[in-house]
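So the structure is just underneath, and the comments pick up after that.
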Amino acid sequence: MKLIFMGTPDFAVKSLEKLVNSSHEVLAVVTQPDRMRDKCKVSFSPVKEFALKHGIKVLQYEKVSKEGIEDIVALSPDCIITVAFGQMLSKEFLAIAPFGVVNVHASLLPKYRGSSPIQWAVINGEKETGITIMKTAYEMDSGDIIVQKKVKILPSETSGELFDRLSVLGGETLMLALSQIEQGIAVYTKQNHSEMTYFPMLKKESGIIDFSKSSQSIQCFILGMTPWPTAYTYLNKKIIKVFKASKADGIGLAGEVLKADSKNGLVVATGDGALLLEVIQPENGKKMNSKDYLLGHKISLGEILGG
RNA sequence: CGCGGGGUAGAGCAGUGGUAGCUCGUCGGGCUCAUAACCCGGAGGUCGUGUGGUUCAAGUCCCGCCCCCGCAA
């Protein structure tokens with residue numbers, strides 16, 4: 001089939017890679033404008049990087065549903081694929097291709113609608129999640145399901161690690177769905193909308209740790225926020241990122257520093273016990289073990305993290 | 001040319017223009033039934049880089065370059 005691929009981050013690249021190495025023809029790639037800056041250089045989105053490397057035409061619009069419609073229609077694709085694209089599509093746009101717009105979503109719909117399904121699944125301590133391939137409908141993540149695959153979430157798996165696994169599975173599952181569509185044997189199953197859950201897009205500020213919660217849920221929170229947007233707290237008004245924590249003994253006010261020395265590491269009280277913050281990153285510092293951090297920084301006991 | 005912090009011992013950090021320091025680790029010794037404990041002693045640095053500038057004197061001030069990081073996207 002003749003396809004147009006729309007996506008932006010690394011997650012989408014795996015699917016694009018599958019398509020490029022298949023019998024399908026990728027007419028063009030649509031990705032977000034190059035507004036991402038890294039240091040002094042302008043860096044392209046991962047999807048754009050990949051497309052350029054493989055000589056695929058790249059199109060970029062602030063709103064593809066408005067500015068891009070004519071270009072897309074002119075290419076007359078059989079089907080349009082979206083993977084973590086980051087723009088809402090108009091009804092008019094959804095009707096361009098004969099087979100419509102097919103989306104790869106990283107959750108078991110109708111659960112975890114929204115743009116950060118992987119992180120939220122980890123944050124909520126889910127045991128499993130998956131990939132859903134659906135035909136995009138106007139309402140966010142509400143389209144009919146074509147194929148769905150489950151995966152287990154491993155204990156102490158971070159969002160980043162799960163991202164990697166799901167991006168591969170996403171590509172494979174997409175291929176399966178496309179071949180079904182091509183052969184005309186695809187079954188479109190309506191979602192049970194009464195069971196739907198929706199979680200908002202994560203922002204930088206979403207990463208602040210609430211130490212009044214249970215140790216368990218804070219651990220899930222940290223895993224879910226890693227590597228982005230990153231769980232963090234404040235110490236002396238400076239941000240301290242937390243990458244890894246394990247349960248420890250102790251009790252105190254939420255966020256209270258119970259231990260802080262290079263032998264024990266940094267132990268902080270939570271709502272139902274305490275956590276040892278193992279791997280942290282101070283502002284302007286590298287990621288390091290909290291024990292190393294404490295060799296050069298003194299934290300007095302009883303200090304409250306956060307706020 | 002987006003804003004900002006930083007590169008000093010194996011690790012993490014101090015260091016007001018004037019002998020290079022602290023905590024931990026490490027090595028040796030001591031005390032212990034014993035120790036991640038305690039005591040004594042030692043090793044380990046051309047202070048990111050430049051046959052750069054200022055100075056009687058630069059880790060410290062100025063200039064260039066390299067690298068790391070935070071914020072913002």
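Since we're looking at a predicted model, the values are computed, not measured.
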Taking the six-membered ring of A:Y232 as reference, does the NZ or CZ atom of A:K241 fall below 6.0 Å from its centre and within a 45° cone about the axis?
-> no
Pairs in or reaching into residues 113-142 of chain A: which pass salt bridge (Lys or Arg N to Asp or Glu O under 4.0 Å), with residues at least two apart or in two chains?
-> A:E128-A:K150
Can you tell me how far [atom1] in [N] sits from the matching atom in [M], rounded to whole Å?
N     : M     : atom1 : value
B:G70 : B:A58 : P     : 35 Å
B:A34 : B:G48 : C1'   : 46 Å
B:U23 : B:G41 : P     : 13 Å
B:C27 : B:U8  : C1'   : 23 Å
B:U55 : B:U60 : C1'   : 13 Å
B:G64 : B:G53 : C1'   : 11 Å
B:C22 : B:A14 : P     : 16 Å
B:U16 : B:G52 : P     : 25 Å

Give a yes/no on whether any side-chain N or O of [X] is located under 4.0 angstrom from OP1 or OP2 of [N].
X      : N     : answer
A:Q281 : B:G70 : yes
A:K259 : B:A36 : no
A:K291 : B:A11 : no

Given that both distances must come in under 3.5 Å, which nucleotide forms a Watson-Crick or G-U wobble pair with [N]?
N     : value
B:G50 : B:C63
B:C3  : B:G70
B:G41 : B:C27

Whole-Å distance between [N] [atom2] and [X] [atom1]?
X      : N     : atom1 : atom2 : result
A:K241 : B:C68 : NZ    : C1'   : 14 Å
A:K287 : B:G5  : NZ    : C1'   : 19 Å
A:K263 : B:A11 : NZ    : P     : 19 Å
A:F243 : B:G70 : CZ    : P     : 8 Å
A:E205 : B:G70 : CD    : P     : 17 Å
A:Y234 : B:G70 : OH    : C1'   : 12 Å
A:I280 : B:G12 : CD1   : P     : 12 Å
A:L295 : B:C22 : CG    : C1'   : 11 Å

By nearest-heavy-atom nucleotide on RNA chain B, the more 5' of A:K298 and A:P229 is A:K298
Closest to side chain of A:K204, choosing from B:A11, B:G5, B:C71 | B:C71
Choose from B:C13, B:G70, B:C68 the nucleotide whose nearest atom is closest to any side-chain atom of A:M288.
-> B:C13
Plane angle bin for A:Y112 and A:F199 - parallel if under 30°, tilted between 30 and 60°, otherwise perpendicular |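 Aromatic pair A:F199/A:Y112 classed parallel.
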Shortest non-hydrogen separation from A:A97 to A:D78 and the atoms involved =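 Shortest heavy-atom separation between A:A97 and A:D78 comes out as CB-O, 3.5 Å.
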Is A:V102 linked to A:F85 within one hydrophobic cluster, defined over Ile, Leu, Val, Met, Phe, Trp and Tyr using a side-chain heavy-atom separation of less than 4.5 Å?
->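 No.
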Between the side-chain atoms of A:N284 and the base atoms of B:G4, is any donor-acceptor pair under 3.5 Å?
-> yes
Counting only heavy atoms not in A:E303, do more than 12 fall under 6.0 Å of its CD?
->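 Yes, the 6.0 Å shell around CD holds more than 12 heavy atoms from other groups.
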